[in-house]
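Below: the structure, in structure tokens.
Fair warning: this is a prediction, and the values are worked out from it, not measured in the lab.
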Amino acid sequence: MTEQRKSPVQPIRPSQVVRKKNELLPDAVIEAFNELIAENWDGHRSTFKLGAVRALIKNKLDGGEVKQEWLDVEPIYQKAGWRVVYDSPGWDETYEPFFEFRKKS
């Protein structure tokens, strides 16, 4: 019988998910969100459209593909102290999806 080695690889813990997700994102994603948050900050909140963040990320990636999963940044920013809302139209509504960032109370 062959002796099995214990693997150093362990399952990710729930407390590690946000950090790991952040590590997997290209820097261009966080840079784009940070720029748009600052650019649209009115003293209470920052609101900007999904199209704006997609375009900025694409520009930062020199025209590269923007993956849908990269836009799921809510947990990363919530951990950093933001209340994040992503709003998209319902089945009977027509408007461009947008993000809203507010400081947590």
Side-chain angles (χ1 to χ4, degrees):
M1 179 180 231
T2 308
E3 187 176 319
Q4 289 187 342
R5 223 173 37 126
K6 202 169 199 180
S7 172
V9 177
Q10 298 294 316
I12 193 167
R13 297 180 188 280
S15 62
Q16 298 169 316
V17 171
V18 172
R19 182 177 49 95
K20 185 66 173 178
K21 182 170 178 65
N22 194 15
E23 290 171 3
L24 295 173
L25 287 176
D27 290 345
V29 174
I30 300 299
E31 289 170 0
F33 273 93
N34 288 349
E35 284 180 36
L36 288 169
I37 291 168
E39 191 176 294
N40 293 285
W41 185 250
D42 69 4
H44 304 285
R45 68 179 179 181
S46 180
T47 304
F48 50 90
K49 295 181 179 177
L50 175 63
V53 76
R54 278 184 172 279
L56 187 53
I57 293 168
K58 188 171 186 163
N59 185 304
K60 289 179 173 294
L61 295 173
D62 295 322
E65 176 190 357
V66 178
K67 295 182 180 180
Q68 183 65 31
E69 61 267 19
W70 293 349
L71 302 171
D72 182 22
V73 298
E74 290 94 327
I76 294 167
Y77 280 90
Q78 287 168 349
K79 189 168 184 171
W82 292 97
R83 186 174 71 82
V84 184
V85 174
Y86 173 73
D87 190 17
S88 61
W91 69 273
D92 63 341
E93 301 175 307
T94 54
Y95 60 88
E96 188 174 352
F98 65 90
F99 289 91
E100 180 182 84
F101 290 77
R102 292 180 183 259
K103 290 188 272 186
K104 282 187 180 175
S105 311

Quick one, Val84 and Val73 - any side-chain contact, counting heavy atoms below 4.5 Å? no
Under a 4.5 Å cut-off applied to non-hydrogen side-chain atoms, are Asp72 and Lys21 in contact? yes
Show me the donor-acceptor pairs, under 3.5 Å and distance only, between side chains in residues 28-42 and residues at least two apart or in other chains.
residue : atom : partner : partner atom : Å
Asn34   : OD1  : Tyr77   : OH           : 2.6
Asn34   : ND2  : Ile30   : O            : 3.4
Glu35   : OE2  : Lys60   : NZ           : 2.5
Asn40   : ND2  : Leu36   : O            : 2.8
Asp42   : OD1  : His44   : N            : 2.8
Asp42   : OD1  : Arg45   : N            : 2.8

Hits for ring-ring contact (aromatic ring centres under 6.0 Å, His included) against Phe98, two or more places apart or cross-chain, chain-then-number order -> none
Nearest heavy-atom neighbours spanning Tyr86 and Glu74: CB-OE2, 3.2 Å
Supply the atom-to-atom distance Arg102 CZ to Ser46 OG, rounded to the nearest 0.5 angstrom. 10.5 Å
Gap between atom CG of Leu56 and atom CG of Leu61 - 0.5 Å precision: 9.5 Å
How would you list, by chain and number, every residue that makes a side-chain contact (heavy atoms from CB on, under 4.5 Å) with [X], sequence neighbours excluded?
| X | result |
| --- | --- |
| Arg19 | Gln16, Glu23 |
| Pro89 | Glu93, Tyr95, Pro97 |
| Lys67 | Glu65, Glu69, Trp70 |
| Leu24 | Lys20 |

Is there any salt bridge (Lys or Arg N to Asp or Glu O under 4.0 Å) pair reaching into residues 75-91, and which pairs are they, with sequence neighbours excluded? Arg83-Glu100
Does Lys104 NZ have over 12 foreign heavy atoms under 6.0 Å away? yes
Side-chain heavy atoms under 4.5 Å apart, restricted to Ile/Leu/Val/Met/Phe/Trp/Tyr: what other residues fall into the cluster of Ile12, or is it alone? Val17
Could you list all the side-chain hydrogen bond (donor to acceptor under 3.5 Å, both in side chains) pairs where at least one residue sits in residues 48-58, not counting sequence neighbours? Arg54-Gln68
